[in-house]
Amino acid sequence: MNLFTGNRRIVRSLYLVILIFVAILLAIFWQPDRPAEISVPLAQPVAKQRIASQLEDVSRVKEPIQPIPLAIALDGNKVVLGKQLFEDVRLSGNNRIACVSCHQFDRGGADGRSHSIGANGTLGEVNTPTVFNVGFNFWLNWNGEFENLTDQLDALLLNPERMGVEWSILIPKLQQIPEYVRAFTKLYADGLNKANLQDAIVTYEESLSTPNSRFDRFLRGDKQALTPAEYTGYQLFQAYGCISCHQGINVGGNMFQRFGVLGDYFADRGNVIPEDLGRFNVTQDPADRFVFRVPSLRNVALTAPYFHDGTAKTLPEAIAVMAKYQLGRSLSQNQIDLIAQFLGTLTGEKPS
Ligand code: HEC
Ligand code: HEC
């Protein structure tokens, strides 16, 4: 064995070592362009809300999203009274604003603004979510602070950025209005008081569901209800893992997740304010920083702008942000468009 062949051998084994090293690196870091592994938890009942017991048996629907019941049995007279209250500016501290000012029916139950303008004229700190289908959410508000509509109502009446009124002022004020006194006395044995006012408004909120969307018709077996493009969008929504967070009857509303799982959304956006800390503001647990209730995507095509900070002006923009920060992906314009088309099929019938 001369010096020359010895060197060749060393070079060859060096090549081999490098090759193995590169192969190991590839095996560790190479991510083929395949959809994320997703595990979709079984749909749970809407345990925390009053109308949970009315959810129909949809065990035959073998999909991670369930249709909204076609009808919900509620006391029609309470619904009518609740509607009057919902639309009455006298519920606000300065008689200038009603629930419907921010939760407008021709804007998908939201207000079309990035931030709402409250009774006192100041800008709110978060975007207005839709009031439609709230009876199916497990938690309420962006940070999921409330588990039922009654507690949520208490807080928003008091909040100077919403209605800005205290019960001790509101109840005597409404008791001066004979029309309300009469209506409450007719429906409730103990007439107009705090509990009954809460009940009337909450009953009305529970009536604000939007059944029979094209997607629900698809879930109920009408395979023609979606166009091929919309169906492809649904497949992408599942394959990319949107469904692992947005699922159940409200296509959201039933879990908490960080905004920025695979990227630092807030660092990229800048100007972090206390409301951006999300669930942390409720629990004070550092693990809950930037964690939010996953919002419902029902009627989402109607409720721009998007996110708790109202920064995404269009649905395609919101989808791209979600793909980037929640899934670590950059979707093509065509994929975004297909998912947007699917989300459009979640628009249901407006409450009458
Ligand atoms: C000034 C605008 C404004 C007014 C007026 C207003 N809201 Fe809201 N509403 C909001 C905003 C903003 C939120 C989100 C609050 C948060 O997440 O911290 C919200 C949240 C809600 C939610 C929770 C939705 C969800 O899925 O989490 C319900 C229900 C609701 N409002 C009902 C009402 C009712 C009933 C009234 C009248 C008594 C009312 N709102 C008045 C702006 C308003
Ligand atoms: C890891 C959980 C998670 C995944 C995966 C996820 N989302 Fe979200 N989504 C959220 C959370 C949390 C928010 C609320 C963010 C905020 O505004 O604070 C949200 C908000 C949204 C909104 C805005 C809703 C509104 O009313 O403002 C849209 C639209 C949306 N997601 C669509 C999608 C799509 C499409 C995908 C897949 C490409 C997806 N999401 C994947 C958790 C997730």
Side-chain angles (χ1 to χ4, degrees), residues 36 38 82 85-89 91-92 97-103 108-111 113 115-120 122-137 139-146 149 152-153 155-157 159 161-165 201-202 204-205 208 233 236-238 240-246 250-253 255-262 265 275-276 278 281 290-301 303-312 315-327 329 331 335-336 339-340 342-343:
I38 49 163
L85 295 161
F86 193 85
E87 295 171 353
D88 194 338
V89 293
L91 259 71
S92 66
I97 203 167
C99 309
V100 77
S101 313
C102 296
H103 298 287
D111 59 5
R113 300 174 179 279
H115 296 79
S116 60
I117 299 172
N120 60 5
T122 56
L123 272 189
E125 63 300 291
V126 287
N127 175 256
T128 304
T130 178
V131 78
F132 292 164
N133 304 307
V134 282
F136 305 124
N137 283 336
W139 292 276
L140 299 157
N141 285 1
W142 288 101
N143 60 20
E145 190 175 357
F146 302 104
L149 288 163
Q152 196 272 346
L153 178 62
L156 81 89
L157 283 172
N159 189 334
E161 280 169 5
R162 316 262 191 273
M163 304 296 277
V165 70
I201 295 178
V202 169
Y204 177 61
E205 293 180 289
L208 300 177
L236 291 176
F237 188 83
Q238 295 185 84
Y240 285 130
C242 312
I243 195 86
S244 60
C245 294
H246 297 278
N250 253 359
V251 201
M255 68 172 85
F256 290 103
Q257 290 287 343
R258 179 178 307 271
F259 190 8
V261 177
L262 289 169
Y265 171 80
E275 282 68 29
D276 292 328
N281 292 325
F290 308 120
V291 168
F292 290 85
R293 176 198 64 177
V294 175
S296 166
L297 298 184
R298 293 240 174 229
N299 305 294
V300 74
T303 58
Y306 302 103
F307 300 137
H308 75 277
D309 57 11
T311 50
L315 192 51
E317 205 178 318
I319 296 168
V321 168
M322 278 286 125
K324 178 173 178 191
Y325 291 99
Q326 304 303 78
L327 297 160
R329 283 181 164 273
L331 301 185
Q335 289 168 320
I336 291 174
I339 293 177
F342 155 63
L343 293 179

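Ligands are counted one by one from 1 in listed order, and the atoms in each one are counted from 1 as well. Index from 1, following the sequence. Every heavy atom of this structure was used, including side-chain atoms; hydrogens, water molecules and symmetry mates were not.
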### Query
Counting from 1, what ligand 2 atoms have a heavy atom of I339 closer than 4.0 Å?
35 (C)

### Query
Okay, side chain of N250, backbone of G252: is any donor-acceptor separation there less than 3.5 Å?
no

### Task
May I ask you to check if ligand 2 and H308 share an N or O to N or O distance below 3.5 Å?
yes

### Message
Need the ligand 1 atom indices (1-based, order shown) with element for anything under 4.0 Å from a heavy-atom of L149.
### Response
29 (C)

### Message
Within the 4.0 Å heavy-atom shell around V261, which atoms of ligand 2 are there?
### Response
1 (C)

### Query
What atoms of ligand 2 come closer than 4.0 angstrom to any heavy atom of L315?
29 (C)

### Summary
ligand 2 to G241, heavy atom cutoff 4.0 Å, flagged ligand atoms 5 (C)

### Message
I want to know if ligand 1 touches N137 in the polar sense, i.e. an N/O pair below 3.5 angstrom.
### Response
yes

## Note on the structure
Ranked by distance from atom 33 (C) of ligand 2, the top protein heavy atom is M322 CG, 3.3 Å

### Message
I'd like to check whether W142 has a polar contact with ligand 2, where a contact means an N/O of the residue lying under 3.5 Å from an N/O of the ligand.
### Response
no

### Message
Is it the case that the side chain of E205 and the backbone of L149 share a donor-acceptor pair, with hydrogens and angles ignored and the cut-off at 3.5 Å?
### Response
no

### Task
Among all protein heavy atoms, pick the one closest to atom 12 (C) of ligand 2 and tell me residue, atom and distance.
Q257 O, 3.8 Å

### Message
I'd like to check which ligand 2 atoms, numbered from 1 as shown, lie under 4.0 Å from a non-hydrogen atom of P295.
### Response
11 (C), 13 (C), 14 (C), 19 (C), 20 (C), 24 (C)

### Query
Can you find a side-chain donor-acceptor pair between D276 and Y265 that sits under 3.5 Å?
no

### Task
Would you mind listing which atoms of ligand 1 come within a distance below 4.0 Å of any non-hydrogen atom of C102?
1 (C), 2 (C), 3 (C), 4 (C), 5 (C), 42 (C), 43 (C)

### Message
Tell me if the centroids of the rings in F259 and F290 come within less than 6.0 Å of each other.
### Response
no

## Note on the structure
Among non-hydrogen protein atoms, atom 34 (C) of ligand 2 lies closest to C242 SG, 3.5 Å

### Query
Strictly under 2.8 Å, is any N, O or S atom of H103 next to atom 8 (Fe) of ligand 1?
yes

### Message
On a heavy-atom basis, I'd like to know which of L156, L157, N141, N159 is closest to atom 39 (C) of ligand 1.
### Response
L156

### Task
With heavy atoms under 4.0 Å as the rule, classify the contact between M163 and ligand 1 as side chain, backbone, both or neither.
side chain

### Query
Out of G310, C99, S92, whose heavy atom sits nearest atom 38 (C) of ligand 1?
C99

### Query
Are any of the N/O atoms in F307 less than 3.5 Å from those in ligand 2?
yes

### Task
Using a 4.0 Å heavy-atom cut-off, say whether R329 meets ligand 2 through its side chain, its backbone, both or neither.
neither

#### Entry: side-chain contact (heavy atoms from CB on, under 4.5 Å), paired with H103, selected from D111, T128, T130, V134
T128

### Query
Do W142 and F307 make the cut of ring centroids closer than 6.0 angstrom?
no

### Task
Classify the side-chain pair E317/Y306 by whether it contains a donor and acceptor separated by less than 3.5 Å.
no

### Contact flag H246/atom 8 (Fe) of ligand 2, N/O/S atoms, threshold under 2.8 Å
yes

#### Entry: Polar side chain donor-acceptor pair, E275 to N281, under 3.5 angstrom
no

### Task
Could you see which bit of N127 sits under 4.0 Å from ligand 1, with heavy atoms only: side chain, backbone, both or neither?
backbone

### Message
Just to check, does F259 reach to within less than 4.0 Å of ligand 2 when the distance is taken from its heavy atoms?
### Response
yes

### Query
Does W139, backbone or side chain, put an N or O under 3.5 Å from an N or O of ligand 1?
no

### Task
Hey, could you give me the CG/CZ distance between N143 and R293, rounded to the nearest 0.5 Å?
9.0 Å

### Query
Side-chain contact, heavy-atom cut-off 4.5 Å: L91 with I201?
yes

### Task
Could you pull out, from A98, S116, S296, G278, the option with a heavy atom nearest to atom 5 (C) of ligand 1?
A98

### Query
Is it true that V100 lies under 4.0 Å from ligand 1, counting heavy atoms only?
no

